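Residue numbers start from 1 in every chain, and the chains themselves are labelled A, B, ... in the order their sequence lines are given, proteins ahead of strands. Being a predicted model, the structure only gives us computed values, none of them experimental.
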Amino acid sequence: MKKNALTITREDDFAGWYQQVIAEADMAEESGVRGSMIMRPWGYGIWERVQYLMDQRIKATGHENCYFPLFIPLSYFAKEAEHVDGFAKEMAVVTHHRLKKGPDGGLIVDPDAKLEEPLVVRPTSETVIGTAFARWVQSWRDLPVMINQWANVVRWEMRTRMFLRTTEFLWQEGHTAHATKAEAMEETLSALEMYREFSENVLAMPVIAGEKPENERFPGADATYSIEAMMQDGKALQAGTSHFLGQTFSKAQNIRFQDKEGEFQFAYTTSWGTSTRMIGGVIMTHGDDDGMRVPPLIAPYQVVIVPMLRDKPEDKEVLDYCKALAKDIAKLRAFDEPVRVKVDITGAKTQTKRWSWIKKGAPVILEIGPRDMADDKVAMIRRDALYQDSGKLDTKFLAKAEFIPEIPALLSDIQTALHTEARERMDGNVKKGVEYWSDVERFYAPKKKHPGWLEVQWCKATGEELKSIEERLKKLKLTFRNVPVDADAADGTCIFTGKPAVERIIIGKAY
RNA sequence: CGGGAAGUAGCUCAGUCUGGUAGAGUACUGCGUUCGGGACGCAGGGGCCGGAGGUUCGAAUCCUCUCUUCCCGACCA
């Protein structure tokens, strides 16, 4: 009978299921420090793949990596009011540089070691990088400046969730400065497109790319764009953002250059980022009731070989057979890279190893026992299609010589299958054509579990009017996600105000 | 940061109300029988009961403070 590897199903308790996947797949665990997680090898391995493949794209679009300091002088933030307002409440601040023995023998902060100027642990690097840009940019010939850094940042969030919102997280932040507004806007949209393509093709996670309304903008930005992914519970996850910063930061930080006419001009800047949050998105997009399903492109190991060892003399032969098999598979290339294969030589029981790789979500699991060895076969489990219709594990016994050359195509097939499944789910859960607010209320009635999103027409309200619309959405626990870049033009009336509509916007519940 | 719940063996938890010095399942170690859907039997090892104070002859248990986690809000990638 069918028995799932996890005890909590997505249907019963999505939040509990999410945590169980992370624990059972050995991806991450609590560290004992509020909101700070330990990323274990399987989780970090996925992040390394994300880094590697994203880094290629960042460099291919003309950016160079560099590294800025973790500590930012407090005064740097004072230069841009809106920016500091946005982050003030969540900044970790270093005020002292020494400890000493306290009266009770324990260590206390030495009051004599107070810093002249407190240092902020970076929540994002616009301020330091902008300060450097101001030095680097003197002439129109110095532009554009296009850099990226891979770093950790700290935001003291009140409520944390593994991968989705941790106090410290890992990310990449791109920062660019340009001579013209048009060029900076082009850069902003090019980063957005890079994220969209990456999410779809690498993470197999479908997204909607679009512009955020005014109230959802990055603090200090003139425009913010995002990619929004739909989780299996119908909620939205903002999986990447790209900001057009206009001249706000260049004016605050004096990023100025002389143009060809010798006139001083302020540069136009952009910033864009993606983080370890994407891994949370991958879990909630592809995970199932047996654990994680990792898309082959980001799987630390794409093929895992589980030798069936029995503490008997023939174990050595089985192991040798597996190692030779791994060697053959490692010679193959999939997605233009060598296939990543691992032989699980640990002494654990076969069943334990099998289920552990199922829960981790290795795309292809090969079980090799004496019988396979004798017949020159492999027993293959495809993680994205675990079960037969009967509910039995769908283990396929295949001739080794015929199977090996098929591996690259198989991995590619799994990548596509995961993407297609997620794509269909998202497309089926974005409802268009709703015209009345009462229909919105009905659509998001409390009893509906996974309602998904609505694409509605609206008047692109700003200021106070936008605030009151926000309040109405909030009552239904809804937020604006974004205005899809490829949405149709508006041709109706605003669902909130009845005024002529300006654009189409996505609304939904969000993480 | 407000409201709720919880922290006891690696993990999941019982024991706390009614104070008397530590339990189960699972995992782990050894031996034996098994083995292609998470095997079984026997024998073992493992805990400063989250931390600090207090009450008491005696505290996992009662009191105070604190840290961490989870859920619901507010805030946010």
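- Within the 4.0 angstrom heavy-atom criterion, only backbone atoms of the sugar-phosphate kind lie near A/Arg354; the bases stay farther away.
- Nearest-nucleotide positions on RNA chain B place A/Arg371 closer to the 5' end than the other of A/Glu168 and A/Arg371.
- Here B/G2 sits opposite B/C72 as a Watson-Crick or G-U wobble pair (both hydrogen-bonding atom distances under 3.5 Å).
- In this structure the side chain of A/Glu455 reaches within 4.5 angstrom of the side chain of A/Pro484, judged on heavy atoms.
- In this structure B/A52 sits in a base pair with B/U64, meeting the Watson-Crick or G-U test at under 3.5 Å.
- For the pair A/Glu314 CD and B/C35 C1', the computed distance is 12 Å after rounding to whole Å.
- Straight-line distance between the P atoms of B/C17 and B/A6: roughly 14 Å, to the nearest whole Å.
- Using N1 to N3 plus N6-O4 or O6-N4 for Watson-Crick, or N1-O2 and O6-N3 for G-U wobble, each under 3.5 Å, B/G58 pairs with nothing.
- Between the CZ atom of A/Arg310 and the P atom of B/G36 there is a distance of 8 Å, rounded to whole Å.
- Crowding of A/Leu99 atom CG: a count of heavy atoms from other residues, nucleotides or ligands under 6.0 Å exceeding 12.
- Spacing between B/U64 and B/C72 at atom C1', rounded to whole Å, works out to 27 Å.
- Remark: B/A43 base-pairs with B/U29; criterion is Watson-Crick or G-U wobble with both hydrogen-bond distances under 3.5 Å.
- Residues forming a ring pair (Phe, Tyr, Trp, His ring centres under 6.0 Å) with A/Trp171 (at least two apart in sequence, or on another chain): A/Phe169.
- Taking the C1' atom of each, B/A60 and B/A52 are spaced 16 Å apart, rounded to whole Å.
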* What string of B, S and - do you get for nucleotides 65-72 of chain B, 5' to 3', if B is base contact, S is sugar-phosphate-only contact and - is no contact with any protein heavy atom under 4.0 Å? -> ---SSSSB
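- Within 4.0 Å of A/Lys312, counting heavy atoms only, lies at least one base atom of the nucleic acid.
- Regarding contacts with the backbone of B/A39, a side-chain N or O of A/Gln351 is found under 4.0 angstrom from either OP1 or OP2.
- When the C1' atom is compared between B/C42 and B/G36, the two are found 27 Å apart, to the nearest whole Å.
- Between the CG atom of A/Leu6 and the C1' atom of B/C11 there is a distance of 15 Å, rounded to whole Å.
- The CG atom of A/Asn201 sits 8.5 Å away from atom CG of A/Leu297, with the distance rounded to the nearest 0.5 Å.
- Following rounding to the nearest Å, A/Glu216 (CD) and B/C75 (C1') show an atom-to-atom distance of 12 Å.
- Between B/U56 and B/C13, the distance separating the two C1' atoms is 30 Å to the nearest Å.
- Within the 4.0 angstrom heavy-atom criterion, base atoms lie near A/Phe169.
- Pair check for B/G38 finds none; no Watson-Crick or G-U wobble contact set falls under 3.5 Å.
- As rounded to whole Å, 12 Å separates atom C1' of B/G36 from atom CG of A/Asp375.
- If you check every strand for non-hydrogen atoms under 4.0 Å, A/Thr241 touches nothing.
- Nucleotides B/A9 and B/C62 have their C1' atoms positioned 25 Å apart, rounded to a whole Å.
- At a threshold of 4.0 angstrom between heavy atoms, the contacts of A/Phe397 include nucleobase atoms, whether or not backbone atoms are also involved.
- Summarising the geometry, the separation between CD1 on A/Ile8 and P on B/U12 is reported as 11 Å, rounded to the nearest angstrom.
- Taking a pair to require two hydrogen-bonding distances under 3.5 Å in either a Watson-Crick or a G-U wobble arrangement, B/A24 pairs with B/U12.
- For residues 228-241 of chain A, the pairs satisfying side chain to side chain donor-acceptor pair (under 3.5 Å) are A/Arg10-A/Gln232, A/Lys212-A/Glu228, A/Lys212-A/Gln238, A/Ser226-A/Glu228, A/Glu228-A/Arg481, A/Asp233-A/Tyr511, A/Thr241-A/His243, with sequence neighbours left out.
- In the set B/A39, B/G36, B/C76, B/A39 carries the atom at the smallest distance from any side-chain atom of A/Lys349.
- Across all strands shown, A/Gln238 has heavy atoms under 4.0 Å from sugar-phosphate atoms exclusively, and none from any base.
- Separating the CD atom of A/Gln20 from the P atom of B/C11 is a distance of 15 Å, rounded to the nearest angstrom.
- Among the atoms of the strands shown, none is found under 4.0 Å from any heavy atom of A/Thr276.
- Rounded to whole Å, the C1' atom of B/U61 lies 33 Å from the corresponding atom of B/A43.
- Listed by chain and number, the residues in a ring pair (Phe, Tyr, Trp, His ring centres under 6.0 Å) with A/His83 are A/Phe87, A/Phe218, A/Phe249 (sequence neighbours excluded).
- At a threshold of 4.0 angstrom between heavy atoms, the contacts of A/Lys359 include nucleobase atoms, whether or not backbone atoms are also involved.
- The ring pair (Phe, Tyr, Trp, His ring centres under 6.0 Å) test applied to A/Trp357 returns A/Trp42, not counting sequence neighbours.
- A/Asp26 is linked by a side chain to side chain donor-acceptor pair (under 3.5 Å) to A/Arg40, A/Lys360, counting only residues two or more places apart in sequence or in another chain.
- Among the candidates A/Phe443, A/Phe480, A/Trp453, the single residue satisfying the side chain to side chain contact (heavy atoms under 4.5 Å, CB included) test with A/Ile507 is A/Phe480.
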* Would you sort out whether A/Trp47 and A/Met39 count as a side chain to side chain contact (heavy atoms under 4.5 Å, CB included), showing the intermediate values? => CA-CA 9 Å; A/Trp47 176 242; A/Met39 289 179 73; 3.9 Å; yes
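- B/U66 and B/C71: their P atoms are spaced 23 Å apart (whole Å).
- Heavy atoms of A/Leu164 sit under 4.0 angstrom from at least one base atom.
- Atom CG in A/Asp26 sits about 12 Å away from atom C1' in B/C11, given to the nearest Å.
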